[in-house]
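Remarks on the structure that follows.
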Amino acid sequence: MGRNKFSQHEIDIIGMLLRRKNAGTRFQQKQIRHQLRVNFEFNISDFNVQGKAFGEEELHEAIKRGAIQILDDATIAAMKEKRARDKARDEAAREEQALSEGATDWKAALKEWEDWEATSH
């Protein structure tokens with residue numbers, strides 16, 4: 001699941017991208033869906049009716065029914081910062097668990113390699 005809270009500016013861009021998606025080729029549609037997921041954490045499947053196209057009109061319907069909320073820019077920025085911190089914390093925890101289970105510490109191996117390269121030349 002992606003986000004369901006966006007700024008008005010983000011909604012305007014998402015709406016524009018959805019217009020382009022519905023007018024584009026299959027390849028262009030795929031690229032735009034990827035852009036929506038990566039840049040906005042916006043997953044069409046979180047809001048659409050199965051088997052029905054999702055465009056700008058459906059975006060505004062999702063806002064009207066409360067599935068998507070529009071918040072101010074400062075709140076969205078704070079939310080994104082928190083998500084980034086949480087993601088970094090979770091990644092560090094996964095890495096620590098993997099190391100405790102015997103995985104190779106690739107950061108230490110890379111440092112060792114770089115040190116060896118620096119002294120061997």
Side-chain angles (χ1 to χ4, degrees):
M1 172 127 188
R3 291 171 39 203
N4 68 340
K5 296 175 179 128
F6 301 91
S7 69
Q8 183 59 55
H9 180 68
E10 289 175 317
I11 290 295
D12 294 342
I13 295 171
I14 290 168
M16 182 263 311
L17 288 170
L18 289 171
R19 279 193 307 276
R20 280 168 110 214
K21 178 188 74 72
N22 288 344
T25 65
R26 280 177 66 95
F27 179 70
Q28 291 166 328
Q29 290 174 1
K30 186 176 181 178
Q31 286 182 313
I32 291 170
R33 284 192 305 270
H34 176 74
Q35 193 175 2
L36 289 167
R37 284 190 302 270
V38 170
N39 296 344
F40 300 97
E41 297 178 62
F42 184 90
N43 297 318
I44 290 172
S45 61
D46 292 343
F47 308 108
N48 78 324
V49 175
Q50 191 69 21
K52 187 177 179 213
F54 191 89
E56 190 175 20
E57 184 178 323
E58 290 76 17
L59 173 69
H60 293 294
E61 288 173 12
I63 293 168
K64 285 178 190 166
R65 72 175 186 266
I68 295 175
Q69 296 177 23
I70 299 177
L71 304 175
D72 62 279
D73 291 336
T75 303
I76 294 297
M79 183 186 74
K80 285 179 178 180
E81 287 174 18
K82 182 185 180 314
R83 285 176 76 95
R85 284 191 310 271
D86 291 350
K87 187 176 180 180
R89 181 201 64 221
D90 293 348
E91 179 60 31
R94 276 193 298 277
E95 195 173 301
E96 190 176 309
Q97 181 179 357
L99 291 173
S100 71
E101 293 173 356
T104 300
D105 184 347
W106 64 268
K107 290 178 185 175
L110 178 61
K111 171 108 176 78
E112 195 176 310
W113 173 261
E114 289 170 344
D115 291 347
W116 176 82
E117 265 198 332
T119 58
S120 67
H121 289 97

For this session: Scan for ring pair (Phe, Tyr, Trp, His ring centres under 6.0 Å) pairs involving residues 94-114, sequence neighbours excluded, and state none if there are none.
Result: Trp113-Trp116
For this session: Can you establish whether the number of heavy atoms outside His9 located under 6.0 Å from its atom NE2 is more than 12?
Result: no
Exercise. Within a reach of under 6.0 Å around CD of Glu112, are more than 12 heavy atoms found that belong to other residues, nucleotides or ligands?
Worked result: no
Exercise. Of all heavy-atom pairs between Ser7 and Asp73, which one has the smallest distance, and what is that distance?
Worked result: CB-OD1, 3.1 Å
Problem set entry | With sequence neighbours excluded, residues passing side chain to side chain donor-acceptor pair (under 3.5 Å) with Glu96 | none
Exercise. Tell me, which pairs form a ring pair (Phe, Tyr, Trp, His ring centres under 6.0 Å) where one or both residues lie in residues 75-104, sequence neighbours left out?
Worked result: none
For this session: Determine which pairs satisfy salt bridge (charged side-chain N to carboxylate O under 4.0 Å, His left out) with at least one residue from residues 100-110, sequence neighbours left out, and list them in order.
Result: Glu95-Lys107
Problem set entry | Partner residues of Lys5 under the salt bridge (charged side-chain N to carboxylate O under 4.0 Å, His left out) criterion, sequence neighbours left out | none
For this session: Any salt bridge (charged side-chain N to carboxylate O under 4.0 Å, His left out) involving residues 75-84? Give me the pairs, sequence neighbours left out, ordered by first then second residue.
Result: Glu10-Lys80, Glu41-Arg83, Lys82-Asp86
Seminar exercise, completed: Besides Leu17, the hydrophobic cluster formed by Ile, Leu, Val, Met, Phe, Trp and Tyr side chains linked at under 4.5 Å, directly or via other members, contains Phe6, Ile11, Ile13, Ile14, Met16, Leu18, Ile32, Leu36, Phe40, Phe42, Ile44, Phe47, Phe54, Leu59, Ile63, Ile68, Ile70
Exercise. Thr104: what forms a side-chain contact (heavy atoms from CB on, under 4.5 Å) with it, not counting sequence neighbours?
Worked result: none
For this session: Only counting residues at least two apart or in another chain, list the ones meeting side-chain contact (heavy atoms from CB on, under 4.5 Å) with Asp90.
Result: Arg94
Problem set entry | Test side-chain contact (heavy atoms from CB on, under 4.5 Å) applied to Glu57 - qualifying residues, sequence neighbours left out | Glu61
Exercise. For Asp46, which residues count as a side-chain contact (heavy atoms from CB on, under 4.5 Å) partner, sequence neighbours excluded?
Worked result: Met1, Asn43
Exercise. Should the heavy atoms of other residues, nucleotides or ligands under 6.0 Å from CZ of Arg20 be counted, would the total exceed 12?
Worked result: no
For this session: Report yes if the side chains of Val38 and His34 come closer than 4.5 Å at any heavy-atom pair, otherwise no.
Result: yes
For this session: Mind checking the CD-CG spacing from Gln8 to Asp72? Nearest 0.5 Å is all I need.
Result: 12.0 Å
For this session: For residues 21-36, pull every pair meeting salt bridge (charged side-chain N to carboxylate O under 4.0 Å, His left out), keeping only residues two or more places apart or in separate chains.
Result: none
